Number of protein chains: 2
Amino acid sequence: MTTKSANARHTRQQLIAVGADLLCRRGYTGFSYQDLAHELGISKPSVHHHFAQKADLGLALCDWTEQWLRDGFGHFDQHGQNAPDKLQRYLRAAAKHTFNEHKQCPLSALHSDLAQLPDAMRARLSDLSQLEVNWVAAVFRQGLADGELQAPAGASAQELAQLFIFACKGALYYARLLGREHFEQSMTLLLQQWLPDAQPAQSHTPL
Amino acid sequence: MTTKSANARHTRQQLIAVGADLLCRRGYTGFSYQDLAHELGISKPSVHHHFAQKADLGLALCDWTEQWLRDGFGHFDQHGQNAPDKLQRYLRAAAKHTFNEHKQCPLSALHSDLAQLPDAMRARLSDLSQLEVNWVAAVFRQGLADGELQAPAGASAQELAQLFIFACKGALYYARLLGREHFEQSMTLLLQQWLPDAQPAQSHTPL
DNA sequence: GCAAGCCTACCTACCAGTAGGTAGGCTAAT
DNA sequence: ATTAGCCTACCTACTGGTAGGTAGGCTTGC
């Protein structure tokens with residue numbers, strides 16, 4: 001029943017799954033082939049059999065991350081009622097990942113280890129970051145078109161998206177130490193300014 | 001002239017200086033006693049003579065970071081004309097550090113390696129993060145009092161400061177790969193909303 | 001039907017290099 | 001004489017990676 005090749009596919013997938021988990025918990029340089037081997041109950045050279053070099057596994061983890069992103073975005077697109085709701089779902093997922101599961105998102109984990117990443121992975125990470133920006137930008141574009149979101153004069157959906165993501169990732173970094181409420185406070189404040197019923201500045205009326 | 005103890009103080013200071021540089025370039029786990037020894041032209045055990053364990057050096061680097069922060073803040077306080085100018089100087093310094101010198105700020109570097117940090121360093125990093133938040137919060141408090149900055153209704157200086165810092169740090173992470181302009185765009189957009197002459201939302205008049 | 005040959009997945013044993021860290025000795029300033 | 005600062009030599013544990021071999025399934029030719 002369990003043929004050798006089926007087992008192999010299984011092992012390879014398990015390596016990616018465990019690798020992704022370790023990546024999110026300890027970063028790219030924070031886990032070793034030893035760790036993977038131990039986790040799967042196989043030998044270190046057997047890990048090399050599936051991924052000759054760690055960079056090969058790293059690239060596979062980038063592929064995994066791309067799928068992880070696409071799945072997440074698909075889910076938010078499908079269940080989110082409107083743009084603000086999609087962003088809220090994105091933030092809730094990020095918070096759950098960070099504070100309940102005590103993991104970083106794979107993108108942040110890779111950004112953390114940027115200096116030790118092989119060139120191929122850096123290029124891939126750049127693309128993945130852009131992929132994330134693009135999805136958030138599309139949500140903002142939709143929100144602006146629907147009137148569910150409101151931009152400061154002259155700000156593009158792309159710019160809003162980047163600020164949103166950067167603030168989110170930075171807040172997650174710091175909130176791991178400072179506490180979850182710091183993340184929630186900051187992101188609420190940021191989004192609040194872009195909601196139509198927001199009061200953008202106290203006792204100030206624009207021209 | 002160069003007495004042994006003077007030389008020693010010098011070596012210790014050099015270790016901290018080089019350690020701080022390596023910390024900002026490669027992170028806490030990204031440099032070794034070997035690297036420090038090589039850089040100073042001494043042996044690895046001699047480094048241990050000054051800092052018995054790496055965690056001891058790590059704590060010393062936290063002290064160095066605190067001084068680095070206080071010096072920076074002092075400089076911005078002294079030369080900044082008003083609150084927005086102080087924030088701009090903070091951002092310019094951060095950009096220079098990241099894009100010209102290709103370093104992370106020591107706080108971000110430590111946050112990146114959070115999972116591998118000894119407990120004592122984590123506690124220290126938490127305090128340092130709070131120190132930075134407090135300074136930025138003070139600048140916002142001043143700006144709000146002077147009318148140079150304008151907060152969304154209900155937002156405290158503390159909250160604005162945290163969002164400002166988190167966005168800045170997150171933007172720096174991403175802009176290392178995506179390009180400096182992404183950092184500048186995002187932070188300009190964020191600050192612009194809090195300047196008195198800002199047009200907070202296109203064709204929208206608050207009640 | 002069956003065996004030869006190949007393939008995949010795994011193994012043990014090992015490599016050079018590096019991590020953080022230690023023991024003990026020499027030298028020179030106090 | 002003591003001690004601070006440095007040294008050589010060494011330790012254990014672990015890094016990514018390799019050499020060489022084995023077990024067993026798959027395919028092919030006879």
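Every chain is numbered from 1 and lettered A, B, ... according to where its sequence line falls, protein lines coming before strand lines. Computed from a prediction, not measured in an experiment: that's the story for all the values here.
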Exercise for review: May I ask you to verify if any side-chain N or O of B:His50 is less than 4.0 angstrom from the OP1 or OP2 atom of D:dC6?
Suggested key: yes
Point to revise | Minimum-distance nucleotide (side-chain atoms of A:Pro45 versus C:dA13, D:dG5, D:dT15) | key: C:dA13
Practice item. Under 4.0 Å between any heavy atoms, over every strand shown, what does A:Ser43 touch: base, sugar-phosphate, or nothing? Just pick one. Key: base
Exercise for review: Before accepting this row, confirm whether a basic side-chain N of the pair A:Lys169/A:Glu132 lies closer than 4.0 Å to the acidic partner's carboxylate O.
Suggested key: yes
Practice item. Give the nucleotide from the list C:dG21, D:dT18, C:dT8 with an atom nearest to the side chain of B:His48. Key: C:dG21
**Study point:** Between C:dA19 (P) and B:Leu22 (CG): distance, integer Å
**Key:** 11 Å
Practice item. Rounded to the nearest angstrom, tell me the gap between atom NE2 in B:His38 and atom P in C:dT18. Key: 11 Å
Exercise for review: Answer yes or no: does a side-chain N or O of B:Ser46 lie under 4.0 Å from OP1 or OP2 of D:dG5?
Suggested key: no
Point to revise | Ring centres under 6.0 angstrom apart (A:Phe76, A:Trp135) | key: yes
Check your understanding: In terms of side-chain heavy atoms of A:Thr11, which of D:dC7, C:dC10, C:dG21 is nearest?
Key -> C:dC10
Check your understanding: For the pair made of OH in A:Tyr33 and P in D:dT18, what is the distance, rounded to whole Å?
Key -> 10 Å
Review point. How is A:Phe51 classified with respect to the nucleic acid when contacts are heavy atoms under 4.0 Å: base, sugar-phosphate, or nothing?
Key: nothing
Review point. Is any side-chain N or O of A:Lys54 under 3.5 Å from a base N or O of D:dG17, one able to act as donor and the other as acceptor?
Key: no
Practice item. Could you grab the distance from atom CG of B:Leu110 to atom OH of B:Tyr28, nearest 0.5 Å is fine? Key: 9.0 Å
Check your understanding: Think A:Ser32 has a side-chain N or O under 4.0 angstrom from the OP1 or OP2 of D:dC14?
Key -> no
Check your understanding: How close or far is atom C1' of D:dA13 from atom CG of A:Asp35, stated in whole angstroms?
Key -> 13 Å
Check your understanding: Of B:Tyr28 and A:Ile42, whose closest DNA chain C nucleotide lies nearer the 5' terminus?
Key -> A:Ile42
Review point. OP1 or OP2 of D:dG5 sitting under 4.0 Å from any side-chain N/O of B:His49?
Key: yes
Practice item. For A:Lys44 and C:dC15, give me the distance from atom NZ to atom P, rounded to whole Å. Key: 13 Å
Practice item. Rounded off to whole Å, could you give me the CD-to-P distance for the A:Gln34 and D:dT15 pair? Key: 5 Å
Practice item. Pick out which of B:His48, B:His50, B:His49 makes a ring-ring contact (aromatic ring centres under 6.0 Å, His included) with B:Tyr33. Key: B:His48
Point to revise | Donor-acceptor side-chain pairing of B:Gln67 and B:Asp71 below 3.5 angstrom | key: yes
**Study point:** Distance, rounded to the nearest Å, where B:Leu57 contributes CG and C:dG21 contributes P
**Key:** 10 Å
Review point. Atom CD of B:Gln53 to atom P of C:dT22: distance rounded to whole Å?
Key: 6 Å
